[in-house]
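These numbers come from the heavy atoms of this one structure, side chains and all, not from hydrogens, waters or symmetry mates. Order of appearance sets the numbers: ligands from 1, and atoms from 1 within every ligand. Note that the numbering runs from 1 along the sequence shown for the chain.
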Amino acid sequence: MKTSRTKLAPTTRRLVTEVYHRLDYGALGPVYCYEGGDEFWLAKRGPCERLGSRVAVVLRRKLRRGGRSLYVGAGVAELPALMMEVLELDRTVEPYNLRRAEVSTLNPACHSIPLAFRAVDAAKAKGRFDHLWMVSVLNDPERFPNLSPLSYGRGDALTLDPVKFEKERRIVRALVSLCMGKLALPGLVTTTTEEVIWIAEWCHKHRIPYTVGKRYYPTALVGDPICFVQIGKKA
Ligand SMILES: C[S@@+](CC[C@H](N)C(=O)[O-])C[C@H]1O[C@@H](n2cnc3c(N)ncnc32)[C@H](O)[C@@H]1O
């Protein structure tokens, strides 16, 4: 298939729009917001599709056909990237997300595409992957309330609980280690500028070369900028 360098293929674009149209935003409201879910999705749905598609176009240049991608914490924002991989690169994707309500909303909306989200810990994924996507997972304030402020440079020396922080840091390091251990080298990691330190730490520990891409791409929901990291390849 001949593709534009700046856009997703027309079929992918049509299907991405269809899936965003089919999503049950009433059910997604409480997944993302304590209140005001309807207004949130009214404002975010368009940017989610647009910015997600832009990242998907960049990702398409970095992946080979027919490989496997592990998506940790993939939700509404990841739909364009996932669909691009399946529809344009003929790749296998395994998206994991611990929020059951989001997974039950995403899967029916994706019924026309070979794409199924799993409400299971991504660390349980089997086999090797040449691409790991981990975006806004390791700095999630809901899951890591003591570690997240430090990730965003907002730590407070007065209120920091070092015991709780250390417990969360251990969980983050364990998740990174389990997921990075599944990456075939050379491989690609898609992550955020806040989370890239954990990937770098793992690479240093294992003496594996890595290169963090210089370009950052905005995201619509959490808002953390995405970057790409080449693993196991000398710059
Ligand atoms: C803040 S949300 C980010 C969602 C999405 N990546 C985005 O940027 O909009 C973090 C997500 O990571 C998921 N998550 C955290 N740890 C996980 C794990 N071990 N396996 C699968 N999903 C996980 C959570 O369930 C949640 O859906």
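Near Val137, the atoms of ligand 1 lying under 4.0 angstrom from a non-hydrogen atom of the residue are 12 (O), 15 (C), 16 (N). The ligand atoms of ligand 1 that sit less than 4.0 angstrom from a heavy atom of Glu78 are 5 (C), 6 (N), 7 (C), 8 (O). Listed by number with element, the atoms of ligand 1 under 4.0 Å from a non-hydrogen atom of Val120 are 20 (N), 21 (C). Short contacts between ligand 1 and Ala77, defined as distances under 4.0 Å to a heavy atom of the residue, involve ligand atoms 9 (O). For ligand 1 and Asp121, the ligand atoms under 4.0 Å from any heavy atom of the residue are 18 (C), 19 (N), 20 (N).
Counting protein heavy atoms only, atom 26 (C) of ligand 1 is closest to Arg99 NE, 3.8 Å. Regarding atom 27 (O) of ligand 1, its nearest protein heavy-atom neighbour is Asn97 OD1, 2.9 Å. Atom 12 (O) of ligand 1 has Gly73 CA, 3.3 Å as its closest protein atom, hydrogens excluded (heavy atom only).
Summarising the local packing, CZ of Arg100 is surrounded by 12 or fewer heavy atoms from other residues, nucleotides or ligands at distances under 6.0 Å. Around the NE2 atom of His111, the shell of radius 6.0 Å holds more than 12 heavy atoms that belong to other residues, nucleotides or ligands. Within a 6.0 Å radius of OH in Tyr152, other residues, nucleotides and ligands contribute more than 12 heavy atoms.
Counting heavy atoms under 4.0 Å from ligand 1, residue Arg143 touches it through the side chain alone. With a 4.0 Å cut-off on non-hydrogen atoms, Ala122 touches ligand 1 through its backbone as well as its side chain. When heavy-atom distances to ligand 1 are checked against a 4.0 Å cut-off, Leu175 comes that close only through its side chain, counted from C-beta outward. At a heavy-atom cutoff of 4.0 Å, ligand 1 is contacted by the side chain of Asp140 but not by its backbone.
Tyr20 approaches Val76 most closely through the heavy-atom pair OH-O, 2.7 Å.
For Asp224, the closest heavy-atom approach to ligand 1 does not fall below 4.0 Å. Note on ligand 1: Val135 sits in its first shell, one or more heavy atoms being nearer than 4.0 Å.
Ionic pairing of Glu201 and Arg173 is present here: one or more N-O contacts between side-chain nitrogen and carboxylate oxygen are shorter than 4.0 angstrom. Ion pairing between Glu49 and Arg45 fails under the 4.0 Å rule for side-chain N and carboxylate O.
Counting only non-hydrogen atoms, the option in Gly52, Ala125, Ser136 that gets closest to atom 2 (S) of ligand 1 is Ser136. Nearest-residue assignment for atom 25 (O) of ligand 1 (options Val103, Ile226, Leu98; heavy-atom criterion): Leu98.
Ring to ring, Tyr71 and Phe117 are not that close: their centroids are 6.0 angstrom or more apart. With ring centers used as reference points, Trp41 lies under 6.0 Å from Tyr32.
Under the side-chain hydrogen bond (donor to acceptor under 3.5 Å, both in side chains) rule, His131 has a single partner from Arg64, Glu85, Arg91, Arg68, which is Glu85.
With hydrogens and angles ignored, the 3.5 Å screen pairs no side-chain donor or acceptor of Arg154 with any backbone N or O of Pro149.
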